[in-house]
Amino acid sequence: MKEHKIVVMGSMGAGKSTLVRTVANGKVVDTDVRNTDASLAKALTTVAMDYADVDLPNGDRLRLVGTPGQARFDFIWPILLAGAAGVVVLVDGASVEATHQFDTYLDALATHAPQVPAVVGISRLDLNPEADLGVFYARLERRGRPLPVLPLDARQSEQILMVMDILMSEIESTELVGPHG
Ligand SMILES: Nc1nc2c(ncn2[C@@H]2O[C@H](COP(=O)(O)OP(=O)(O)OP(=O)(O)O)[C@@H](O)[C@H]2O)c(=O)[nH]1
Ligand SMILES: [Mg+2]
């Protein structure tokens, strides 16, 4: 059996804690507290990490780690990224700040985990059906990191498992050809 540490990072309210909880079948450790950040109307926010073990059909196990979204906790991001096999960058597709936030997390990824396979998830698109995903592809292309961009609802376990499947394929192909191949 193989274990893979998967880190979910991204903007406040994008659904990182929800994603971890959704695939954990309720067995999850979280560090959510009452939110006092007035920039987003949200009851709870993560202050340290979310954590869950997820058993895959092939017998492998994911150690899923969700980061806090608030920039004041950005010192925790590299700590949580240490040893990551893969990363999900989650963006709130309904936020007017989405592209700006995307840059923040891509910067963090480039600095702390430049070689680690990653996928981009865009959540909450049901709340913003007009959203143009092209802006996310354009930003990735400009950086020379054309990651998969996957629309998702963090509350839907089949969708999250699909994202994990795509990320595992990225990880496996990186293992085969090496990070520079
Ligand atoms: N309508 C809709 N709601 C969603 C979707 N994905 C997630 N949500 C909701 O969005 C909210 C996200 O909250 P959290 O999961 O706490 O977000 P987070 O990324 O952990 O936020 P921080 O810990 O504060 O950084 C929850 O209420 C979810 O139910 C989606 O695709 N559509
Ligand atoms: Mg959270």
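Values below: all heavy atoms of this structure, side chains included; hydrogens, waters and symmetry mates excluded. Every number for a ligand or one of its atoms is a count from 1 in the order of the listing. On a predicted model such as this, the values are computed, not experimentally measured, just so you know.
- Checking T46 against the Mg ion (ligand 2), an N/O/S atom falls under the 2.8 Å cut-off.
- Side-chain contact, T46 with S17: a donor N or O sits under 3.5 Å from an acceptor N or O.
- With hydrogens and angles left out, the side-chain atoms of Q70 and T45 include a donor and acceptor closer than 3.5 Å.
- One finds a salt bridge joining E175 and K2 here, because a Lys/Arg side-chain nitrogen approaches an Asp/Glu carboxylate oxygen to under 4.0 Å.
- D53 and Y51 share a donor-acceptor pair across their side chains, judged by distance under 3.5 Å alone.
- Its side chain outside the 4.5 Å cluster rule for every partner, L44 clusters with none of the Ile, Leu, Val, Met, Phe, Trp and Tyr residues.
- Salt bridge present: R21 and D32 bring a charged side-chain N and a carboxylate O closer than 4.0 Å.
- Inter-residue side-chain proximity for K42 and D37 is flagged as unmet; no heavy-atom pair is nearer than 4.5 Å.
- For ligand 1, the protein residues within 4.0 angstrom (heavy atoms only) are S11, M12, G13, A14, G15, K16, S17, T18, K42, T45, T46, G69, R124, D126, L127, L152, D153, A154, R155.
- Among the backbone and side-chain atoms of T67, no N/O/S atom is found under 2.8 Å from the Mg ion (ligand 2).
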